[in-house]
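Encoded as structure tokens, the structure appears first; notes follow it.
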2 protein chains.
Amino acid sequence: MSEPQNPIEDYVSYALAAAHRAVNRSLAARLKKHGVQIEAWRIMEILDTGRRLTMGELAEIALINPPALSKLVDRMVSNGFVHRQSAQNDHRQVNLLITALGQKRMIQIRADIQDQDKQIVEQLGDEQAQKLLDILSGLS
Amino acid sequence: MSEPQNPIEDYVSYALAAAHRAVNRSLAARLKKHGVQIEAWRIMEILDTGRRLTMGELAEIALINPPALSKLVDRMVSNGFVHRQSAQNDHRQVNLLITALGQKRMIQIRADIQDQDKQIVEQLGDEQAQKLLDILSGLS
DNA sequence: TGAATTTAGTTTCCAAGTCAATTAAATTCT
DNA sequence: AGAATTTAATTGACTTGGAAACTAAATTCA
């Protein structure tokens, strides 16, 4: 006796994809004004904490595959938002650092992004929003 | 007084992206054996209920932008999984139908996909899994 | 009716992502 | 030490996706 998995909406993977798509759309729309894509925002947000990260560590945290990260970083370097620095211990590694321009840009961007996040949290309610983060953390 | 939004993990958009990425990875790995991508599975899963859908309706439900859907359907047609049929009322519209081959393939695929979904639900526990679907539906 | 507008789907051109191969540095092993 | 292996990042060839333009059919309206 296997219970039929009826509508596609009941698959966790579908529900996640749908919500992710909706949230990403509005996020991308906000970032468009700043001329930045979602992944670039993540990178700058992560770097702006001042942590010294290698490309590999960054790829992991920023949810980007290494080849895609390399190419995106190329673009961000030419935009002047970040710069590469070869690690002194291990010359295979590359540390990525945010530039002053990148930081300046992040101040403006962050306001917008936090506003969007706040809207989502309000839409769900504090309790549900917290619960959501909670449950999602069990999936990654 | 604005509370600082500290680590990136606390952004709803980040948590969603991370979970979505993790789930999609394992889903894609399973589908790879069947030579099918996630979006193609969604299309076939949706069509296999027997509903008669236009490209536009399908794009909406399958979470695919119309141009991407057109191209993916081209490939699926040449694989013999689906076929197009111009709608008789409105000749601008195209109905997409699953073929016998597509249905046959879906039987095998669905077993794998349902197994993955079941694993996720077990990992979270029934209650949390249900709660997750619940909360996510408020975002799409 | 028939010109103007809207709608559905596709195509085009280009930007971005993937997989596999490559380069260069570090580490392991004999 | 130095040959063989592993690791970090990038690159190259190819595929896919997106925005905007386009085609064809339907609808509106003068």
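All heavy atoms count here, side chains included; hydrogens, waters and symmetry mates do not.
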Taking the side chain of B:Asn65 as heavy atoms from C-beta outward, which of D:dA9, D:dG18, D:dA8 is closest to it? D:dG18
Base, sugar-phosphate, or nothing for B:Asn95, non-hydrogen atoms under 4.0 angstrom? nothing
Per atom distances to the A:Arg84 side chain, the nearest of C:dA26, D:dT10, C:dT10 is D:dT10
Which residue, A:Gln88 or B:Arg21, contacts DNA chain C at a nucleotide closer to its 5' end, judged by nearest heavy atom? B:Arg21
Checking C:dG9, C:dA25, C:dT11 against the side chain of A:Arg92 (C-beta onward), the nearest is C:dA25
Between B:Gln37 and D:dG17, is there a contact of a side-chain N or O with OP1 or OP2 at under 4.0 Å? yes
Taking the side chain of A:Ser70 as heavy atoms from C-beta outward, which of C:dG17, D:dT11, C:dT6 is closest to it? D:dT11
What is the separation between atom CD1 on B:Ile38 and atom P on C:dT18, rounded to the nearest whole Å? 12 Å
Looking at B:Gly80, is its backbone amide N or carbonyl O close enough to the side chain of B:Thr99 to form a donor-acceptor pair, meaning the two atoms are under 3.5 Å apart? yes
Any side-chain N or O of B:Arg75 less than 4.0 Å from the OP1 or OP2 oxygen of D:dT16? yes
Checking side-chain polar atoms at under 3.5 Å, does B:Arg42 have a donor or acceptor matched by the opposite partner on B:Gln37? no
Write down the atom of A:Val77, the atom of A:His83, and the distance for their closest heavy-atom approach. CG2-CA, 4.3 Å
A:Leu96 CG to D:dA8 C1', in whole Å, measures 14 Å
Salt bridge between B:Asp48 and B:Arg105, side-chain N to carboxylate O under 4.0 Å? no
Less than 3.5 Å between a donor and an acceptor, one on the side chain of A:Lys71 and one on the base of D:dG12, is that the case here? yes
In whole angstroms, how far is the C1' atom of D:dA9 from the CG atom of A:Leu72? 15 Å
When rounded to whole Å, the CG to P distance for the pair B:Leu53 and C:dG9 reads 11 Å
Atom CG of B:Asn89 to atom P of C:dG9: distance rounded to whole Å? 13 Å
If you pin B:Asp74 and A:Glu39 to their nearest nucleotides in DNA chain C, which one's is more 5'? B:Asp74
Any side-chain donor paired with an acceptor under 3.5 Å for A:Ser26 and A:Gln116? yes
Residues B:Ser70 and B:Arg84: closest non-hydrogen pair is O-NH2, 3.2 Å
Nearest whole angstrom, please: distance from the C1' of C:dT10 to the CD of B:Gln93. 15 Å
If you only use heavy atoms from C-beta on, which nucleotide in C:dA25, C:dG9, C:dT18 is closest to the side chain of A:Asp90? C:dA25
Specify the separation, in whole Å, of atom NE2 of A:His91 and atom C1' of D:dT7. 15 Å
Take atom CG of B:Leu58 and atom C1' of C:dG9, then tell me their distance rounded to the nearest Å. 13 Å
Ranking D:dA20, C:dT7, D:dT11 by distance to the side chain of B:Pro67, first place goes to D:dA20
Hey, does B:Glu57 reach any base, or is it just sugar-phosphate, or nothing, if we go heavy atoms under 4.0 Å? nothing
